[in-house]
Amino acid sequence: MKLKSKLNALIQDAFNQANIDQTPLSVSEATKPEFGDYQFNGAMALAKSLGKNPRAIATDIINALDFSSLIRKAEIAGPGFINLWLNPLVLADFCEEARGDARLGIALRTTPQTVVVDYSGPNMAKQMHVGHLRSTIIGDSLANLLDFLGDTVIRQNHIGDWGTQFGMLVAYLEEQQSDGDVSLKDLEVFYRDAKKRFDVDANFADKAREYVVKIQGGDTHCLGLWQQFIDRSLGHCEEVYTKLNVKLSREDVRAESFYNDDLSQVVSDLDKATLLSESKGAKCVFLENDEIPVIVQKGDGGYLYATTDLSALRFRAKNLEADRICYVVDARQSHHFKQVFKVAKNAHFVGTDVFLEHIGFGTMMDKAGKPFKTRDGGTVKLVDLLDEAVNKAHESIRNKEDYSLEALEIKAKIIGIGAVKYADLSMNRESNYIFSWEKMLSLEGNTSVYMLYAYARIQSILRKHNAKIEGKMRISDALEQHLSVTLLRFEDILQRASVDASPHQITSYLYELASLFMRFYEQNPILKEGVDEETKMSRLALADLTAKTIKQGLDILGIEVVNQL
RNA sequence: GCACUCAUAGCUCAGCUGGAUAGAGCAUCGGUUUGCGGUACCGAAGGUCACAGGUUCGAAUCCUGUUGAGUGUACCA
């Protein structure tokens, strides 16, 4: 339900009625319960241009306001705030409507866009570590969100499968295979061993270099080995995706190597567009007000990641027909993307109306506030973090004897993985954050478990009730009013989160909703004795809609839900 | 040197286009149980929103400066 839009429209009508020739500011949620449900602060802003006292303006607006439907009451407060109380009968109708709809009354976009979301992008030469968590889950929840709102979402996993290090790795793989099968279970170790071999054995090093050339030259034997290596490495990533409940599949993979054949074309097209210049032996594009050029071809003829990104941008705009392209990549690359986006536009690789966006996120820091090291020890493998979380969740489950081992496994996975994802997604993506096991694995307070618990409680009530919920919903007190307004705010929250690409707005909302339900649950008995039938049904309906909203919200975040925990 | 980002409670973080007495969680202290799931609920305590100016009816939020931190600064990705 687009509550805000409805309220804004009512205010606009009042403006027209009162002959105020202005576009009103948007209403906002009331900051305190005693200020009603929503507030409109636009009267103060108009005081100067209208040359009138803000309270007088507020009076005019209220006099012109339609009280026959959504708005029940309006009051002027302080210098000219207009506090709005919503009509509980209308709220009840809206809630019933939402409860009866699979989409909770949330409309699909009227003008959907084709959006490419580029995320995860692991390097095939390395094991995924905790640093890969953010791109993977922020990107995935953004894709889920846009998909839910009705956009055509194209997920792209731009994996790193090309470059000099693969010569060494493939040569080493071949050598190991002659001694039997290689599991490639630990890529970090494999990489280290290969590097060691490279450093001490000159013959091996020569072979590695030779293999780089052969791979890039299309040698079938070497390409076959390379393909084997990539397949297995990608297999490990997919295990992590499955654990994480991330919806990336092989079809979403469009690797660096995919763009390889197009790179020389990119450079010559830049040249045709007269954007190219040569500097210190390299082919570069210089941008206005930027001393540092975008290098697209090295002095030795090799191409760079900027070249690949330009090719990918063109592919996404022209072949995938994207209206919006989102790169969910570490904020440290903001300069790189600013440059590449500008070059792509200048060269008309993407149309002027295509919206290019770098969804940057903060760096993961250690306890001392220093950036989390990715090399030389201290690196936490992503799989290890996830396994640890699942173990910890396993211990937290009550009445273990009630479940089969398999059911316990599933529950522990949902709880543990959910906790990790929630911990990460609940933080403003743009700021750095401090990695802590304690926080990642915590099951108390503002965590996913709190939401799961609220959900499970409601499911327990519904199980106990074990019958249809019939009758009309009634909002009977301030708490129920607050809960219903909060439930109906869901769509506004999702809209906002999709514009800002910030999942943490969803987590904040869900926590607020769950905590409001907990209070409601303490104060307003549902199935207890002495509750009349009508009240019972109404409260059941409210609880049911709460559960559905929590489930939908978590689903968008890629967090699963359990009926019992 | 230049550029970008940031600085909010003891700790970890919210605070949306400027709005009323700046909010959570954790930790600390106290309360609630014949419980529809206590992994919960209620309460207390905790703040010069880094500092100094400015803009205006009104600033944690916008602007300038200072201090401190992180990041990026041409042939790695």
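At the heavy-atom level, A:Gln505 lies nowhere under 4.0 Å from the strands shown. The residue A:Gln564 sits close to a base: some heavy atom pair falls under 4.0 Å. Contacts of A:Thr164 with the nucleic acid, taken as non-hydrogen atoms under 4.0 Å apart, are absent. Using a 4.0 Å heavy-atom distance criterion, A:Ala331 is classed as making no nucleic acid contact. Using a 4.0 Å heavy-atom criterion, one finds that A:Lys338 contacts no nucleic acid atom at all. Contacts of A:Asp300 with the nucleic acid, taken as non-hydrogen atoms under 4.0 Å apart, are absent. As judged by a 4.0 angstrom heavy-atom cut-off over every strand, A:Ile526 is placed among the base-contacting residues. At a threshold of 4.0 angstrom between heavy atoms, the contacts of A:Gln333 include nucleobase atoms, whether or not backbone atoms are also involved. Looking at heavy-atom distances under 4.0 Å, A:Tyr433 makes contact with sugar-phosphate atoms alone, never a base. Residue A:Lys464 is classed as a sugar-phosphate contact, given heavy-atom separations below 4.0 Å to backbone atoms only. Within 4.0 Å of A:Gly299, counting heavy atoms only, lies at least one base atom of the nucleic acid. Looking at heavy-atom distances under 4.0 Å, A:Asn432 makes contact with sugar-phosphate atoms alone, never a base. Nucleic acid contact for A:Asn563: base, since at least one base atom lies under 4.0 Å from a heavy atom of the residue. If you check every strand for non-hydrogen atoms under 4.0 Å, A:His465 touches nothing.
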How is the base pairing of RNA chain B summarised as a dot-bracket string, given the Watson-Crick and G-U wobble criteria with both distances under 3.5 Å, [ ] for crossing and | for another strand? (((((((..((((.....[...)))).(((((.......))))).....(((((..]....))))))))))))....

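Comparing A:Leu443 and A:Ile461 by the nucleotide of RNA chain B that holds the closest heavy atom to each, the one mapping nearer the 5' end is A:Ile461. Nucleotides of RNA chain B nearest to A:Gln39 and A:Ala456 differ in position, and the one nearer the 5' end is that of A:Gln39.
When the nucleotides B:A14, B:G25, B:U73 are ranked by their closest atom to the side chain of A:Ile292, B:U73 comes out on top. Of the candidate nucleotides B:U17, B:C75, B:A20, B:U17 has the atom lying nearest to any side-chain atom of A:Ser26. Here the side chain of A:Ser460 is nearest to one of B:C16, B:C36, B:G25, namely B:C36.
Scanning atom types as modelled, one donor and one acceptor separated by under 3.5 angstrom connect the side chain of A:Asn83 and the base of B:A20.
Judged as a salt bridge (Lys or Arg N to Asp or Glu O under 4.0 Å), and not counting sequence neighbours, the contacts of A:Arg496 are A:Asp500. Applying the salt bridge (Lys or Arg N to Asp or Glu O under 4.0 Å) rule to A:Asp532 yields no partners; only residues at least two apart in sequence or on another chain are considered. Partners of A:Lys413 under the salt bridge (Lys or Arg N to Asp or Glu O under 4.0 Å) rule, at least two apart in sequence or in another chain, do not exist in this structure.
With both ends at atom C1', the span from B:G46 to B:G30 equals 15 Å, rounded to whole Å. Here the separation of B:A24 from B:A9, taken at their P atoms, is 15 Å to the nearest Å. Rounded to a whole angstrom, the distance from the P atom of B:U56 to that of B:A40 is 49 Å. Taking the P atoms as reference points, B:C63 lies 28 Å from B:C11, given to the whole Å. Nucleotides B:U66 and B:C2 have their P atoms positioned 10 Å apart, rounded to a whole Å. Taking atom C1' on both nucleotides, B:C62 is separated from B:C49 by 16 Å, rounded to a whole Å. Rounded to a whole angstrom, the distance from the C1' atom of B:G43 to that of B:U48 is 27 Å. Look at the C1' atom in both B:G15 and B:A60: the space between them is 8 Å, to the nearest Å.
Side-chain N or O atoms of A:Asp161 include none that pairs as donor or acceptor with a backbone N or O of A:Met124 at under 3.5 Å.
No side-chain donor from either of A:Asp37 and A:His482 sits under 3.5 Å from a side-chain acceptor of the other.
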If you look only at distance, which donor and acceptor atoms sit under 3.5 Å apart when one is on a side chain in residues 517-531 of chain A and the other is two or more places apart or in another chain?
from     : atom 1 : to       : atom 2 : distance (Å)
A:Asn524 : ND2    : A:Asp477 : OD2    : 3.1
A:Asn524 : ND2    : A:Glu480 : OE2    : 3.0

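No side-chain heavy atom of A:Phe355 sits under 4.5 Å from any side-chain heavy atom of A:Ile325.
Using a cutoff of 4.0 Å between basic side-chain nitrogens and carboxylate oxygens, A:Asp424 and A:Arg429 are not scored as salt-bridged. With salt bridges taken as basic N to acidic carboxylate O contacts below 4.0 Å, none links A:Arg489 and A:Glu491. Taking the charged nitrogens against the carboxylate oxygens, A:Arg316 and A:Asp118 do have a contact shorter than 4.0 Å, which makes a salt bridge.
Atom pair A:Gln297:CD and B:A77:C1' shows a separation of 17 Å (rounding to whole Å applied). Rounded to a whole Å, the OH atom of A:Tyr422 is 11 Å from the C1' atom of B:A14. Going from atom CD of A:Glu34 over to atom C1' of B:U21 covers 10 Å, rounded to whole Å. One interatomic measurement links the two molecules: CE of A:Met44 to C1' of B:U56, which rounds to 12 Å at whole-angstrom precision. Spacing between atom CZ of A:Arg489 and atom P of B:C16 amounts to 13 Å, rounded to whole angstrom units.
The stretch residues 514-522 of chain A touches RNA chain B through A:Met518, A:Arg519, A:Tyr521, A:Glu522, each having a heavy atom within less than 4.0 Å of the strand.
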